[in-house]
Amino acid sequence: MKECLKLITERRSITFFDPTRDIPDETIKEILEISATAPSGYNLQPWEVIVVKDKEKKKQLKEICYGQQKVEDASANIVLIANTKAGFEHVDRVLDSWIDLGYIPAENRDTLRERILEGWKDKEKAKRKAIRDTALFGMTIMIVARAYGLETHPMEGFDETLLKEFLNIDKEKIVPMILAIGYKDPTKKLLPRAYRFKFEEFGRIV
Ligand SMILES: Cc1cc2nc3c(=O)[nH]c(=O)nc-3n(C[C@H](O)[C@H](O)[C@H](O)COP(=O)(O)O)c2cc1C
């Protein structure tokens with residue numbers, strides 16, 4: 001319990017990564033698969049990722065991220081993509097697995113399929129669903145990375161049009177954030193964590 005809370009409360013957005021450190025592809029894949037246990041509406045998992053690890057590509061990505069040096073220094077950058085068509089693309093696999101696992105009887109398939117897809121027909125609703133679930137996936141990655149001794153930095157500072165061209169991402173998909181991931185430069189000290197609102201400022205119990 002204590003360890004788990006430390007992973008969360010001691011997470012910081014790391015500005016200074018050690019540019020000499022690599023993360024093996026297998027470790028990145030493991031972190032992403034563990035993080036994909038994150039919940040999503042109807043388990044549709046509307047996320048995709050492109051991991052930018054190549055030195056030259058990181059330099060190009062830095063320019064798209066308005067020169068943020070951490071993009072080049074991090075071992076990798078995880079480009080999180082919200083697939084706004086995931087409802088239609090994933091629904092059958094989700095339903096098949098639910099039937100196989102005994103969640104629903106096979107005769108309920110068509111009715112449930114229709115109900116699930118209803119929520120994805122409206123483009124604005126589909127965007128919201130895809131972004132919401134992808135953001136939960138992103139947060140999970142940041143915590144799982146810490147369990148592996150790694151640090152992250154979420155970024156919204158990038159030109160999405162250029163990014164989509166650079167990585168050949170479908171125009172209808174959305175990139176809610178990029179996560180730089182790597183090892184903190186041990187010679188650099190972070191400023192203390194900035195102010196967080198207290199419960200009374202952001203919540204109420206009714
Ligand atoms: C979705 C998202 C986008 C962010 N984009 C950037 C960014 O482009 N550049 C940056 O330096 N920090 C960015 N941040 C980091 C925040 O500034 C940081 O999380 C916040 O100041 C709190 O600091 P902490 O994460 O160390 O607690 C982003 C954070 C989030 C969650």
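Atoms within each ligand, like the ligands themselves, are counted from 1 in listed order. Just so it is clear, the structure is predicted and the values come from calculations on it, not from any experiment.
- Scanning the protein heavy atoms around atom 27 (O) of ligand 1, the nearest turns out to be R193 NH1, 2.5 Å.
- Checked by atom type, the side-chain pair N83/E89 shows a donor-acceptor distance below 3.5 Å.
- Within a 4.0 Å radius of atom 21 (O) of ligand 1, the protein contributes no heavy atom.
- When the side-chain hydrogen bond (donor to acceptor under 3.5 Å, both in side chains) test is applied to K198, no partner is found at least two apart in sequence or on another chain.
- Counting only N and O atoms by type, the side chains of Q69 and K62 include a donor and acceptor under 3.5 Å apart.
- Close approach to R11 involves these atoms of ligand 1, each under 4.0 Å from a residue heavy atom: 24 (P), 25 (O), 27 (O).
- Grouping Ile, Leu, Val, Met, Phe, Trp and Tyr residues whose side-chain heavy atoms lie under 4.5 Å apart, directly or via other members, places M1 in a hydrophobic cluster with L5.
- Between the choices E156, H153, R196, the shortest heavy-atom distance to atom 15 (C) of ligand 1 belongs to H153.
- Checking side-chain atoms of D133 against main-chain N and O of P39 turns up no donor-acceptor pair under 3.5 Å.
- The protein heavy atom nearest to atom 8 (O) of ligand 1 is G157 N, 2.9 Å.
- Remark: ligand 1 and M177 share no N or O pair separated by less than 3.5 Å (distance only, no angle test).
- Taking a 6.0 Å sphere around CG of N168, one finds it holds 12 or fewer heavy atoms contributed by other residues, nucleotides or ligands.
- Listed by number with element, the atoms of ligand 1 under 4.0 angstrom from any heavy atom of K70 are 10 (C), 11 (O).
- Ligand-side atoms of ligand 1 in range of Q68: 7 (C), 8 (O), 9 (N), 10 (C), 11 (O), range being under 4.0 angstrom from any heavy atom.
- The nearest non-hydrogen atom to atom 26 (O) of ligand 1, considering only E10, E151, R12, comes from R12.
- If you run side chain to side chain contact (heavy atoms under 4.5 Å, CB included) between I181 and each of I14, V51, I23, only I23 comes through.
- The distance from ligand 1 to the heavy atoms of S13 drops below 4.0 Å at these ligand atoms: 15 (C), 18 (C), 19 (O), 24 (P), 25 (O), 26 (O).
- Under the 3.5 Å distance criterion, the side-chain polar atoms of D73 are left unmatched by any main-chain donor or acceptor of D18.
- The presence of a protein heavy atom under 4.0 Å from atom 17 (O) of ligand 1 is ruled out.
- Residue, atom and distance of the protein heavy atom nearest to atom 31 (C) of ligand 1 are P154 CG, 3.9 Å.
- Between the H90 side chain and the L44 main chain, a donor and an acceptor come within less than 3.5 Å of each other.
- Residue-to-ligand polar distances keep P176 apart from ligand 1: every N/O pair is separated by 3.5 Å or more.
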